Every structure is written in structure tokens, then in C-alpha cells.
Amino acid sequence: MATETDHGPGEAVAARIERRWATLSIVIVGVLVGMAAYIGIHQATMPQGRVETADPKTLHLSGEFIESNLGSEMQADGSVTVRAIGQQYSFTPQCIVVPAETPITFRATSADVVHGFLIEGTNINTMLVPGYVTDLPVRFKTPGDHVMPCQEFCGIGHQGMWGKVKVVDKSKFRDMAAAKRRLTCVD
Amino acid sequence: MLTNKRLIAAHFWLAFIVFGAALVLGAWQMFVRSPLNTWHFNPEFYYRSVTAHGSAMGYVFPTLIAMGFGYAITEASLAKALVGRRWAWAGFFLVAIGAVVAMIPVSLGLASVLYTFYPPMVGNPFYYIGVVMVVVGSWIWVALMVINFVIWKRDNPGKPVPLAMYANVAGCLLWGWTAVGAALEILFLILPVALGLKSTIDAGLARVFFSWTLHAIVYFWLIPTYIAYYTIFPRAIGGRLYSDAMARISFIMFVVVAMPIGVHHLFADPQVGAGFKFMHSVFTGLVALPTLLTVFTICASAEIASRLRGGRGAFGWIGALPWSNPIMLATALSLVMLGFGGAGGLINMSYQLDATVHNTQWITGHFHLIFGGAIVIMYFAIAYDLWPHLTGRALDSFGMMCTQLWLWFIGMIVTTFPWHYVGILGMPRRMAYYDYANPAISPQALSVTMSAIGGFILLLSGLLFLLVLIRGQFGARGEAGAYRFAVPLHMPARIPLALNSFGLWLALMVGLTVVNYGFPIAQLMALNETSVPAVYVGAGR
């Protein structure tokens with residue numbers, strides 16, 4: 001234990017070690033934040049840029065979320081837009097069909113309470129808040145089936161709210177899209 | 001010297017009774033949703049239980065601990081009786097009555113909205129009124145702590161405020177301001193709808209208000225634990241605190257940067273733009289700083305204690321620590337859980353990685369490890385340390401205490417590690433049950449079973465804890481002496497004004513909140529037609 005004579009140097013050593021650790025801590029945090037910023041900018045994995053609204057009272061009457069407009073739509077540039085809604089306790093469409101290796105935009109909202117969906121086996125994960133439109137760019141690498149649960153508590157039937165995503169081969173999807181404008185798994 | 005022992009003991013006992021009840025619910029939830037339960041049940045009971053478990057563990061239990069511990073710190077560190085004893089009792093009864101008022105509609109199934117409220121779902125108004133009463137009761141405590149702090153400073157001009165009290169007031173100020181977000185949400189958005197005065201609500205705006213409270217509340221829960229690290233642990237193991245100034249800086253950093261980071265809970269939400277999400281992500285990184293500083297200071301303090309006991313070598317000193325001392329054990333186990341939980345927190349902080357785990361069981365695992373693990377195990381330590389001073393009786397069942405702490409640690413690891421794992425697999429949180437027969441879900445079944453077993457271990461540990469406290473009420477009488485806090489290795493002769501007051505830090509706290517929340521809130525309030533019809537919960541009953 002420090003005696004009166006070595007009190008001075010001991011205190012200086014303690015302060016120096018502490019300063020070094022504080023500097024290291026700041027560097028650690030700086031690197032982590034910098035990494036997140038770099039990846040966000042260079043790999044375009046940033047959150048949705050702007051806030052869009054949709055009135056759940058009139059979703060079914062007009063606008064892009066009317067029933068006949070829901071499902072997967074092939075765009076002129078070859079990309080695909082998927083429009084979906086969540087409601088207690090299902091998604092519409094309940095099974096979404098999309099092509100592999102294609103840029104896809106999910107546009108979705110809620111017709112009643114807060115929902116969300118994640119697609120297991122991918123990092124696709126977002127919220128559906130009534131009144132607002134969720135816009136999420138995604139891409140699937142390989143064909144396959146995924147489950148798509150609602151991941152936000154939405155009422156006493158929440159545990160039953162599981163959708164599906166069927167990823168099909170690009171050419172197969174193109175054939176399907178030639179026959180019908182809005183696609184779901186049943187087409 | 002503690003003069004208001006009954007007041008402090010009342011807070012701790014009520015806190016631990018609430019904790020025990022909520023722990024039973026938690027263990028039941030772990031069981032029914034696991035493959036161990038092969039029988040049908042009403043999923044509504046599960047959400048009732050989650051609402052009660054979350055409200056009790058989130059709003060009532062840690063608040064009472066912070067209040068009781070705060071009163072103890074005031075009397076012990078300032079060496080004078082608490083000013084405002086009657087008000088303190090009024091605060092206590094407000095919290096107690098509020099808890100009952102909130103829990104009645106929840107147990108009747110009239111407010112199964114979970115403790116995070118989730119508008120536009122709206123439950124029975126008494127649930128929200130009860131929660132408000134709990135918060136108002138705690139605000140009385142906030143006011144009392146500030147008043148006692150100010151009076152002491154007036155009577156002792158120029159003297160450094162004892163670290164324990166300084167940190168305690170930091171926690172009070174943090175809580176006083178952070179609770180405003182949820183209070184605004186309840187009073188202006190939810191209650192008018194719950195009372196039937198309005199039928200629509202802006203769910204997006206409500207979520208933004210709640211996020212204001214939701215993250216900093218975690219640091220409010222954490223502050224008693226950090227106070228115990230800095231001011232109880234070094235004394236309990238016979239050592240000194242490495243640095244008094246660094247401790248103050250850590251607490252100040254919590255006050256300043258704990259608040260403007262809540263939008264990281266809304267990374268996946270459509271109602272906040274990318275810019276503010278990025279800002280909040282950066283600030284979330286900053287809040288790791290005080291924890292990194294704390295880990296260093298506490299480990300260094302442990303080394304000092306060990307070397308005083310004759311510990312040698314670069315790592316050999318670890319073996320010389322008093323491992324049979326419950327405070328030593330609790331702190332070490334707490335730091336291990338804080339390490340894992342903190343690493344998980346850094347993952348959640350980044351938008352990109354959060355996308356993989358958002359609203360999965362990973363998040364449930366994360367906050368149970370940090371709060372239930374690192375934080376609550378130090379609540380146990382605080383109670384063990386304080387009990388002889390409250391009861392005037394010896395608390396000497398050290399073997400039982402250490403067993404209890406080990407069981408809590410093991411239970412928490414067994415519960416939360418598989419939880420993190422199934423979260424990465426994509427298992428959504430807050431579900432009453434899962435279809436384990438589904439080939440997409442069946443690989444997760446084993447992990448959920450392990451978590452449930454961990455839940456039972458935690459229940460056992462919790463019961464053992466209550467047993468130790470009850471035995472402490474009937475132990476041999478003995479005067480425990482004055483309640484002391486750790487002394488720093490190098491007592492600073494004088495402390496810079498900034499480390500002995502809060503004016504500047506309060507201004508920064510409010511200023512940063514306005515900067516980081518002002519625009520998102522103003523934007524949502526200005527948007528038309530974002531109010532949506534409320535969906536009443538339990539209305540058909």
C-alpha cells in the first residue's frame with residue numbers, strides 16, 4: 001500500500017494507465033461506429049430514407065394497397081416489387097413468390113395494429129406500423145422456401161401469424177409474370 | 001448511520017416480493033412455450049403473463065431498488081437523516097398502490113398489451129393509470145434525492161459530494177428526464193383513447209415517445225449496480241477504489257448520452273428517417289464508453305485488494321481474491337455477464353447487424369442477460385450487504401448466498417445463450433407457442449428446451465435468495481456499525497466543479513435530447529392522417 005513517500009509517483013502511474021485505457025476505449029468505439037458508417041454507405045445497407053404514409057381506413061378502397069394490387073409485380077427494368085399488408089393475424093398475400101438473383105422492393109403496411117415480419121434464413125427484417133409505408137430493398141441468392149413470421153406482438157393471435165416466402169428460379173418467375181400481372185404462390 | 005431503516009427495508013422487501021412473483025410467471029412462460037409443454041393452453045394467458053412479468057420487472061422492481069438504495073445512500077454517505085421522510089413514504093405507497101391498480105386489469109385479461117404498450121392496441125385505462133402512479137411515486141424520490149443533495153452542498157461548501165451520492169443523483173436525474181417520454185405517450189396519446197375520449201392514435205409517434213424512455217430506462221436500472229461496483233465492492237473485499245474521478249465521469253456520461261439513443265429500438269420502423277437512425281446509432285456506441293471505463297476501474301480495484309492480501313504475479317492475484325465473499329462472487333459473475341451482454345449490445349447498435357436479430361429471441365436473450373443477469377445479481381449483492389444494517393441482525397449464511405449467486409449465474413447463461421442462438425436462426429419473440437412439428441422450426445426446439453431448464457434454475461435461485469433474506473430477519477442480534485462506502489486509492493484533495501455538480505450535464509442531457517428527438521417528433525406531429533383507429537384489447541369481456 002502506498003506510503004506517504006511514494007504517494008506521488010504511484011498516483012501519476014495510476015493516472016497514466018487510466019488515460020491509456022480511456023484512449024483505447026475511445027478508439028474501440030470509434031472503430032465500431034466507423035465500420036457501421038462505412039458499410040452503410042458503401043454497401044447501401046442503410047435504413048429507409050424517407051417517411052411515407054398510408055391511411056389504414058382506406059387501404060382497401062384506393063391507393064397502391066388495394067387487394068388487386070397486392071402480390072409480386074415484374075417491373076419494366078426487370079426488378080420486382082412486392083406489395084403486402086399485415087393484419088391481425090395474417091399477411092396478404094399469405095405466401096409471397098419472388099425470383100432469385102433479382103433486385104426486389106418490399107412495400108408493405110399494416111391494416112390495423114403494429115406488425116412486423118422477418119424471413120428466416122435471411123437478414124430481411126422490418127416493421128409494419130399502421131399509417132406508414134415500409135419500403136425495403138432486398139435480394140435472394142438461391143431458390144427455396146422460407147417461413148415469414150410476424151415478429152411484433154399484435155394481439156392474442158400473434159403466435160399464429162406466419163407467412164411464407166417462396167423463392168423461385170428467375171426464368172420460372174418470368175414465365176409466371178407473363179401470364180399474370182400480380183403473382184402469389186397460388187399462381 | 002441509517003435512521004430510516006423501516007423505510008429502506010420496506011422498499012427492498014416490496015421490490016423482492018414483486019420480483020419473486022414475476023419470476024414465477026417468467027419460469028411458467030419459459031415452460032409453456034417450450035416443447036416440454038405438450039398440452040394445449042389459452043395463448044391469451046401467456047400474453048397476460050408477459051404483460052405482468054414485464055411491467056413488474058421493468059417498472060416496479062428496479063424502481064423500488066433504486067429508491068430504497070437511494071435513501072440508504074443518502075443517509076449513509078451524507079451522514080445525516082433523510083430530509084422529507086413523509087414524502088418518501090408517500091412515494092412508496094404511490095408505487096405500491098400503482099402496481100396493484102395496474103395489475104388488476106392485467107390479471108383480468110383487460111390489458112394484455114405487454115409492458116411496451118403497443119398502441120394502437122389499447123387496454124383498460126387503469127393499467128396505464130397504475131403505471132403513471134408508479135412513475136409519479138418514483139419522481140417524488142427523484143425530487144427528494146435532489147433536495148438532499150442541494151441541502152448537503154449548501155451546508156458543506158467546497159467539499160466533494162461523496163461518490164455514492166453523486167452517482168445516486170445522476171441516476172435520479174437520468175430517470176426523471178427519461179420517464180418523460182413514456183409519460184407523454186400515456187398522458188397525451190394513450191389515455192385519451194383508453195378513456196374513450198378519442199378513437200384514433202398515431203402509432204408511429206407513440207413508438208418514438210416510448211423509445212425516449214425505453215433505452216435510458218435500462219441505464220436507470222443499471223445505476224444501482226454501478227454504484228455497488230464502485231462504492232461497495234472495493235470496500236467489501238478489503239481494497240480501495242482505483243479512481244474517484246473516473247467513476248464520476250462514467251456516471252456523467254450515462255446522464256448525457258443514455259438519452260439520445262432510443263431510436264436504435266426503431267431501426268426497422270418506417271416512421272423515422274435514415275439520418276436520425278444513424279445519429280442514434282453513433283450515440284449508442286458512445287454509451288459503451290462508461291462501461292469500458294467501469295470495467296477497467298473495477299478490475300483494477302480488485303487487483304489492489306488482492307495485492308493487499310498478498311496476491312502476486314500478472315494473473316496470480318486473481319486466485320488470491322476472497323472468492324467465498326458473496327460480494328466478490330456477485331461482482332465477478334456480474335462482470336462476466338456484462339461482458340457477454342455488452343458485446344451483444346454492440347451488435348444490436350449497428351443498423352446492419354441489427355437487421356438480422358431485430359425482434360428475434362436474440363433481443364430477449366440480450367436484455368435478460370444484461371438486466372436479469374449483470375444488473376439483478378448486483379441487486380442481490382446490495383441486499384446482502386445492506387441487510388445486517390437494516391435488520392440489526394447478522395446475515396451469515398455465506399454458503400447459501402454463494403450457492404444462490406452461482407445458481408443465478410448458471411441459470412442465466414443456460415437461459416440466454418440458447419435464446420441468442422435461436423434468435424440468429426430467426427425465431428421471433430413474444431409468441432405464446434411455436435409449431436415445433438414444422439420442419440422450418442423444429443431445429444430450434446432443443447435450444448428452447450434448454451432455455452426453459454435455465455428458467456427453472458433461475459426460479460430455484462430466486463427462492464433461495466428470498467430464503468436467505470427471511471433467515472436474515474431471524475438471525476442473531478448484532479450491531480453492524482456504520483454503513484461505509486469504498487475509499488479511493490488517492491483521495492482527490494479537491495474536485496473540479498464539473499465533477500461535483502450537474503448543471504452543465506443536465507443542460508447537455510436536455511439539449512441532446514432536443515437535438516436527437518426534436519425533429520422526428522415535430523415531423524410526425526406535423527404529418528396529417530397518420531392517426532389510426534385504436535384496437536381495444538379485451539373489449540369483448
Side-chain angles (χ1 to χ4, degrees), chain A residues 1-2 7 10-11 14 17-18 21-22 25-26 28-29 32-33 35-37 39-40 43 45-53 55-57 88 112-114 116 118-121 123-135 145-147 149-159, chain B residues 43-44 47 112 114 118 120-121 202-204 207 242-243 246 267-274 277-278 281-282 285-286 288-289 292-293 296-297 300 308 346 349-352 355-356 358-360 425-426 428-434 438 440-441 489-490 523 527 529-533 535 537:
Chain A
M1 192 53 212
H7 190 272
E11 193 165 1
I17 299 173
E18 194 174 67
W21 173 258
S25 302
I26 292 169
I28 292 173
V29 170
L32 289 173
V33 170
M35 249 162 50
I39 294 170
Q43 301 188 356
T45 42
M46 279 301 273
Q48 184 174 340
R50 45 189 226 109
V51 178
E52 284 182 74
T53 61
D55 187 353
K57 294 190 290 293
Q88 288 177 327
D112 41 44
V113 300
V114 178
L118 62 83
I119 301 177
E120 287 196 11
N123 63 353
I124 299 165
N125 192 336
T126 195
M127 301 296 302
L128 307 177
V129 179
Y132 300 88
V133 178
T134 298
D135 187 288
D145 291 345
H146 301 270
V147 287
C150 171
Q151 32 78 325
E152 188 62 285
F153 175 65
C154 58
I156 57 168
H158 169 54
Q159 69 286 338
Chain B
E44 204 273 329
Y47 299 116
S112 300
L114 310 197
Y118 294 125
M121 275 190 281
D202 188 331
R207 286 173 71 80
Y242 186 82
S243 168
M246 202 50 110
F267 276 158
D269 277 36
Q271 78 277 15
V272 182
K277 284 177 181 166
F278 180 72
S281 173
V282 171
L286 287 185
L289 266 182
L292 288 169
L293 299 178
F296 171 81
T297 307
L308 285 172
L346 287 173
M349 156 207 116
S350 96
Y351 174 78
Q352 294 82 8
T356 307
H358 171 71
N359 266 353
T360 66
L425 296 183
R429 65 191 278 204
R430 307 186 184 106
M431 280 196 174
Y433 51 74
Y434 300 86
N438 184 333
I441 303 172
L489 187 56
H490 302 287
Q523 184 193 22
L527 271 179
E529 293 165 4
T530 50
S531 282
V532 301
V535 176
V537 168

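Each chain gets a letter, A, B and so on, in the order its sequence line appears, and its residues count up from 1. Fair warning: this is a prediction, and the values are worked out from it, not measured in the lab.
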Between V535(B) and chain A, with a heavy-atom cut-off of 4.5 Å, which part of the residue counts as in contact: side chain, backbone, both or neither?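 The side chain, not the backbone.
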Please classify the contact between L527(B) and chain A as side chain, backbone, both or neither, with a heavy-atom cut-off of under 4.5 Å. side chain
Considering non-hydrogen atoms only, spot the tightest contact between [X] and [Y] and give its length.
X       : Y       : answer
H158(A) : Y47(B)  : CB-OH, 3.7 Å
V29(A)  : A288(B) : CG2-CB, 4.2 Å
K57(A)  : P533(B) : CG-CG, 3.6 Å
Y242(B) : A14(A)  : OH-O, 2.9 Å
N125(A) : H358(B) : ND2-O, 2.7 Å
E18(A)  : S243(B) : OE2-CB, 2.7 Å

Using the ring of each side chain (for Trp, its six-membered ring), is W21(A) parallel, tilted or perpendicular to F296(B), with breaks at 30° and 60°? parallel
Close side-chain approach of [X] and [Y], heavy atoms under 4.5 Å:
X       : Y       : answer
M431(B) : P149(A) : yes
P428(B) : Q159(A) : no
S25(A)  : L289(B) : yes
V114(A) : P120(B) : yes

[X] portion near chain B, given a 4.5 angstrom heavy-atom threshold:
X       : result
T134(A) : both
V113(A) : both
I17(A)  : both
L128(A) : neither

Walk me through it: do E152(A) and R430(B) pass the test side-chain contact (heavy atoms from CB on, under 4.5 Å)? CA-CA 7 Å; E152(A) 188 62 285; R430(B) 307 186 184 106; 2.2 Å; yes
Count the heavy-atom pairs under 4.5 Å between each of Y434(B), F278(B), Y433(B) and chain A, then report the option with the highest count. Y433(B)
For the candidates S531(B), A268(B), G285(B), which exhibits the highest count of non-hydrogen atom pairs separated by less than 4.5 Å from chain A?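 Ranked by heavy-atom pairs under 4.5 Å with chain A, first place is A268(B).
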Look at N123(A), V147(A), I26(A) and state which one has the largest set of heavy-atom pairs under 4.5 Å with chain B. N123(A)
Residue from G121(A), A22(A), C150(A), P130(A) scoring the most non-hydrogen pairs under 4.5 Å with chain B is P130(A)
Any donor-acceptor N/O pair, Y132(A) side chain to V272(B) backbone, under 3.5 Å: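 Pair absent, no side-chain N/O of Y132(A) close to backbone of V272(B).
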How about E52(A): does its CD atom have over 12 heavy atoms from other parts shown lying under 6.0 Å from it?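 Yes, enclosed.
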Working to the nearest 0.5 angstrom, can you tell me the gap between Q271(B) CD and T53(A) OG1? 12.0 Å
Output for pair (R429(B) CZ, L118(A) CG), nearest 0.5 Å, gives 12.0 Å
Of the options V129(A), V51(A), T126(A), which is the one that meets D269(B) in a side-chain contact (heavy atoms from CB on, under 4.5 Å)?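 Per the side-chain contact (heavy atoms from CB on, under 4.5 Å) rule, the option paired with D269(B) is V129(A), out of V129(A), V51(A), T126(A).
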Applying side-chain contact (heavy atoms from CB on, under 4.5 Å), run through N359(B) and M127(A) and close with a yes or a no. CA-CA 9 Å; N359(B) 266 353; M127(A) 301 296 302; 3.6 Å; yes
